[in-house]
Amino acid sequence: MNADFSPEDAAFRDEVREFLQNEFPAAYRDKVDAGIRLSKDEIVHWQKILHEKGWAAPNWPVEHGGTGWSPTQKHIFAMEMGLTGAPEPVPFGMKMVAPVLMAYGSGEQQQRFLPDILQSNVWWCQGYSEPNSGSDLASLKTSAVRDGDHYIVNGAKTWNTYGQYADWIFCLVRTDTTVKKQEGISFLLIDMHSPGVSHKPIVLLDGHSEVNEIFFDEVRVPVENLIGEENKGWTYAKVLLTHERTNIALVPRSTRRLRALRRAAASLDDGQGGSMLENPVFSHRLAELEIELKALEYAELRTLASLSVGKSPGPESSILKIVGTELAQRIDEMFLELGAYHSLPYLPEQFDEGFQGTNLEPGGLAGQGLVYLNDRKLSIFGGSNEVQRNIICKAVLGL
Amino acid sequence: MDFSYSEEQQMLKESVGRFVRQQYDFDTRNRIAASETGYSEENWKLFAELGWLTVPFGEEDGGFGGSAVDLMVMMEEFGKAMLLEPFLPSVVLAGRLLAALGDARRKAELLPALMAGNLQLACAWAESGSRYNLANVRLSARGEGGNVILSGVKVNVLNGPNADKLLVTARESGAVTGREGLSVFLVDRDAPGVDVRAYANMDACRAAKISFNEVTVPESARLGKPGGVYDALERVFDHATAAVCAQAVGALDSLLRKTVEYSKTRKQFGVHIGSFQALQHRMADMFIECQLARSITVMAAMQLDSEAPWQSRSAAVSAAKSRLGRAIRRVGQEAVQIHGGIGMTDELDVSHLFRQVTGLELLFGDADYHTARFARLQNAG
């Protein structure tokens, strides 16, 4: 055991750092620092810069355009990206549908979809949850009925992040209603531009609508868009959920936010004559979060290390989801409390491009109250933290 | 970065693990706890034969290497079985302090005997008003006619009742909490004026309150630079603190395992209590606590073995001990709660594990102390 990077890994870190310094556009960095949302075009532009460098898909196998990096190198890359504030690729194509295509898609499907995902030519969204199927995902009802060379799809999906931008959606649909609920589900790719597909934005706690409801009304989907076998979709979806969980610890993001919190605390009065960083209660709680981050970081590194000796990300990754999201939420709470009255203004539009008003809050605190609101989602999505605890009980503790 | 054990570490883990599984069951431990010395001399000799007593020492001192990761591997296994032998106080703490401060002659005289299992040491550092601050020392050392006179009282001297020699922190000059002016003296436990009041702690380990009533020692009993031992002292305690974290990780693992097993056999209302989600999620949280405790202990051991500046190594140790303190509270209390009434009884090992981890929780500083120390080191950096 040793904590040091090898000379090769240290050189790699320097290379990544230098690349990000030079290539992540300064205008985007300023926006990220100010909490302004990047537009779809900006995210795609950044993703194409990464693709040119050959770094668009660190987790893909080399034959599909991946990097061939070691787990340590992937960790370094994710960390440096997070510290810079450079957005990760929108996960729905790169991290979600692509691994399923690689594992279960036909050669033809891989040829058709993977290059466009790698080059960010096509924007994907996820069609899993339904208005009445949340944590009990397998109870989903959106139906796909075979009609010659097509499926006819009817139903509704919800919580589609960035569904308003999407060109394609990967869906779990019910193709057999006569069997056990998990056994009648298929994995279908649907062109969002098909007749009969519509979407409605959902306004969330923070006043922003990053998620949508998607409706399917007699949508005709060619059968060649089915992944693998009919009625095996649940198996494929579970594989995807494991992939989703490997990147959910949010260590780079929480590292960046804790540093920002420390900086902001040093510059703000505690109202009693000192800075918030000198306030013993605040400082103590900040230290607790910094300590928790270290524990989480090493838990993630240990998981990565077991991956590198060939073990697959098991149910242990549920720990990373639970601890990572709950830590991120505790950091949000600290920002909320640090801001005091400055956390209260409700100006959702301040994060939109072209906002003309003035930010009411001092630097570093703009909209932190809204971040607190928005991040309540973290412990709910991607399999709620209660579902993750169920997984640990079943798969690890044998309960 | 590398998280795998070396071949030697793997062998050490297996060898210690085999010993505690085969020769240290709960009944055996209870017998040892009730014996006069509170540890087994036979086991101590065996540890020496197996070379375990050399693990905390560098090769230059005739030891196995002194790496924190090696020590972590051993302590975790010891923790699983609630080992009572005074490995931590005699070897890890006092032995390492001797190795850090002693001159060549002194080390040659004592370290081989310690590693051979023929010498018991104890470190007397804590006082009634010091809490966890190593620099807070009132026990005074004043020179008189070529000798040094020690006066004061030490508490929680682990292994004090069984020690042949004591390493005593004493103030030669400066304010009560000053880092300057601290020295360490080597004192025979039987020396005139040394009054040992022996007792057992809640974890069944033997300890003593020791009064030093005008104890006269020669100048040569001073280990290290007069008044200038604080940094060395802190580093030795950082190593011992990381070792305590690893011991707690082992004990917490036992608590989790026993609780999950019990929930699968105990029936109430016609079903196993492990089928209740109200208990399942709490056991999932115990599992998470155990995993985080292990991860941060690994982090601290790896940092101690690295070339990082001491300030960040100390911060890593405090991070670990702070996090362990919280994990101990949660896992320990939940283990007793989920066992119910039987978890309260002396008959079951769970109550003994609970007492052990509670002892480890406070030893060398609780969660609040180490969180504050971590914050201080971070804010200074």
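We name chains A, B, ... by the order of the sequence lines, and we start the count at 1 in each one.
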R330(A), CZ: over 12 other non-hydrogen atoms inside 6.0 angstrom: yes
Of Q9(B), H370(B), Q303(B), R294(B), the largest count of non-hydrogen pairs under 4.5 angstrom with chain A goes to R294(B)
S275(B) portion near chain A, given a 4.5 angstrom heavy-atom threshold: neither
Pairwise distance OG(S322(B)) to CD(E290(A)) - rounded to 0.5 angstrom: 11.0 Å
OG of S283(A) to CD of Q378(B), rounded to nearest 0.5 Å, is 10.0 Å
Separation between OG1 of T371(B) and CG of L289(A), rounded to the nearest 0.5 Å: 10.5 Å
Pick one of side chain, backbone, both or neither for I392(A), based on which atoms fall under 4.5 Å of a heavy atom in chain B. side chain
Quick check on S263(B) against chain A: is it the side chain, the backbone, both or neither that has a heavy atom closer than 4.5 Å? side chain
Atom pair CG (L397(A)) and NZ (K264(B)), whose distance is rounded to the nearest 0.5 Å: 7.0 Å
May I ask you to name which of I288(B), L256(B), D305(B) has the most heavy-atom pairs under 4.5 Å with chain A? I288(B)
Quick check: are there more than 12 heavy atoms from other residues, nucleotides or ligands sitting under 6.0 Å from CZ of R131(B)? no
Does any backbone or side-chain atom of R326(B) lie under 4.5 Å from a heavy atom of chain A? Answer side chain, backbone, both or neither. side chain
Determine the option with the most heavy-atom pairs under 4.5 angstrom with chain A, choosing from L279(B), D285(B), V69(B), V298(B). D285(B)
At what distance, to the nearest 0.5 angstrom, does CD of Q388(A) lie from NE2 of H281(B)? 10.0 Å
Quick one: does R262(A)'s side chain get under 4.5 Å of N379(B)'s, heavy atoms only? yes
When you compare the side chain of N390(A) with that of Q277(B), does any pair of heavy atoms fall below 4.5 Å? yes
Taking side-chain hydrogen bond (donor to acceptor under 3.5 Å, both in side chains) as the criterion, tell me which of E297(A), K294(A), R302(A) meets it with S295(B). R302(A)
Per-residue tally against chain B (heavy atom, under 4.5 Å) across L296(A), L301(A), V396(A) peaks at L301(A)
Is it true that atom CD of E333(A) has more than 12 heavy atoms of other residues, nucleotides or ligands lying nearer than 6.0 Å? yes
Check each atom of M72(B) against the heavy atoms of chain A and say whether the ones under 4.5 Å are side chain, backbone, both or neither. side chain
Can you say whether E278(A) sits under 4.5 Å from chain B via the side chain, the backbone, both, or neither, judging by heavy atoms? neither
Between F287(B) and chain A, with a heavy-atom cut-off of 4.5 Å, which part of the residue counts as in contact: side chain, backbone, both or neither? side chain
With side chain to side chain contact (heavy atoms under 4.5 Å, CB included) as the criterion, how do L399(A) and H272(B) come out once you've worked through the C-alpha distance, each side chain's angles and the decisive distance to 0.1 Å? CA-CA 10 Å; L399(A) 289 167; H272(B) 295 133; over 6 Å; no
Using a cut-off of under 4.5 Å on heavy-atom pairs, state which of K394(A), E292(A), E288(A) scores highest against chain B. E292(A)
How close do R323(B) and A295(A) get, counting heavy atoms only, and between which atoms? CG-CB, 4.5 Å
